[in-house]
Amino acid sequence: MPCMTDQPARWTQATVYPDMWADPDDDPRDNGGPVPDGELATLQDFLTNYRMTLRMKCEGLDPEQLARRSVPPSTLSLLGLVRHLAEVERDWRGWLGEGDPLPKLYGVRDGDFDGAVGEQAVVDAAYVDLEREQAATDAALAAHPDLGERVGKDKFAIRELLVHRIEEYARHCGQADLLRECIDGRVGQ
């Protein structure tokens, strides 16, 4: 798998603000409506926007580009991030219950990064896995509307789980910014 060694020219699709990914009128993360009301709705809105940001960073790339590693010896790639986030969504559901964790989607530790190869079937499967795991975790959390409720063996508060999910996506979206810029030079938040 080739590493990112070329230095593509920096560019953005935005015309209004040069540091944006897209113009405000074209940005799907800005619904133009009022900000969410309440803590739960606010947390869910942030999570939704970070999920969308990750997808946006991957749009328009072919399987080889999505699987391209950052810099040696790292195995980090955009496709690896998609697979990793599917895996952690699955893991988080385990925090809600008292039983054993669900089996890993991609096998051994870092199988999500190591198995992120530039094949269309792998890309398609990664997106299916991510959507399924996000929906399942969202549904499991919907059964716990009290953000202060403590669940699972370790008695995590639902609020802590939601905030941790936002933190995980935010951190990986930052990595996705750099990965995308290295792949084709596109910049923007």
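Numbers here simply count residues along the sequence, with the first being 1.
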Residue pair L61 / D184, side-chain heavy-atom distance below 4.5 Å: yes
Least distance between heavy atoms, P36 atom then D45 atom: CG-CB, 3.4 Å
Minimum-distance pair of heavy atoms, taken over all atoms of L66 and S77: O-CB, 3.5 Å
Intermediate values then yes/no, salt bridge (Lys or Arg N to Asp or Glu O under 4.0 Å), K57 and D177: CA-CA 7 Å; K57 293 297 176 171; D177 281 341; 2.6 Å; yes
L141 side chain near T137 side chain, heavy-atom distance below 4.5 Å: yes
Residues which pass ring pair (Phe, Tyr, Trp, His ring centres under 6.0 Å) with H84, listed by chain and number, not counting sequence neighbours: F113, H172
In one Ile/Leu/Val/Met/Phe/Trp/Tyr side-chain cluster, 4.5 Å: V187, L81: no
Heavy-atom side-chain contact between I183 and L78 under 4.5 Å: yes
Exceeds 12 heavy-atom contacts within 6.0 angstrom, atom CZ of R171: yes
Under 3.5 Å: donor-acceptor pair, side chain of T53, backbone of N49: yes
Heavy-atom check, side chain of L161 versus side chain of L96, under 4.5 Å: yes
Under the side chain to side chain donor-acceptor pair (under 3.5 Å) test, residues paired with R186 that sit two or more places apart: Q13
Closest non-hydrogen atom pair, P8 against G185: CG-N, 3.4 Å
Q65 side, atom CD; L179 side, atom CG - distance, nearest 0.5 Å: 12.5 Å
L105-V122 co-clustered via ILVMFWY side chain contacts under 4.5 Å: no
Partner set under side chain to side chain donor-acceptor pair (under 3.5 Å) for D124, not counting sequence neighbours: Q120
Closest approach of A67 to G118 (non-hydrogen atoms, all atoms of both residues): CB-N, 3.4 Å
Test log, rule side chain to side chain contact (heavy atoms under 4.5 Å, CB included), inputs Y50 and E168: CA-CA 9 Å; Y50 278 120; E168 184 87 13; over 6 Å; no
Single-linkage hydrophobic cluster, 4.5 Å side-chain cutoff, M52 and L162 together: no
Any donor-acceptor pair under 3.5 Å from R90 side chain to P103 backbone: yes
Of all pairs that satisfy salt bridge (charged side-chain N to carboxylate O under 4.0 Å, His left out), the ones with a partner from residues 145-157, not counting sequence neighbours: E98-K155
Non-hydrogen atoms of R55 and E131 that approach each other most closely: NH1-OE2, 3.0 Å
Beyond-backbone contact of R69 with L76, side-chain heavy atoms, under 4.5 angstrom: no
Pairwise salt bridge (charged side-chain N to carboxylate O under 4.0 Å, His left out) hits with a residue in residues 32-42, at least two apart: E39-R159
Flag for Y106-D114: side-chain donor and acceptor within less than 3.5 Å: no
Side chain proximity check, L85 to L54, heavy atoms < 4.5 angstrom: yes
Test item: V151 and H144 side chains (from C-beta on) under 4.5 Å apart, heavy atoms: yes
Interatomic distance, S74 atom OG to Q175 atom CD [nearest 0.5 angstrom]: 8.5 Å
Parallel, tilted or perpendicular, as decided by the 30° and 60° cut-offs, for the rings of W92 and Y169: tilted
Criterion side chain to side chain contact (heavy atoms under 4.5 Å, CB included) on D129 and R132, from CA distance to verdict: CA-CA 5 Å; D129 290 344; R132 180 192 63 243; 3.1 Å; yes
Pair R83 + E87: basic N to acidic O under 4.0 Å: no
Side chain to side chain contact (heavy atoms under 4.5 Å, CB included) partner of F46, the single match among L43, T48, T42: T42
D91 and K104, any side-chain heavy atoms less than 4.5 Å apart: yes
Side chain to side chain contact (heavy atoms under 4.5 Å, CB included) assessment of E64 paired with E119: CA-CA 7 Å; E64 183 280 323; E119 299 170 8; over 6 Å; no
Listed partners of R165 passing side chain to side chain donor-acceptor pair (under 3.5 Å), at least two apart: E89, D138
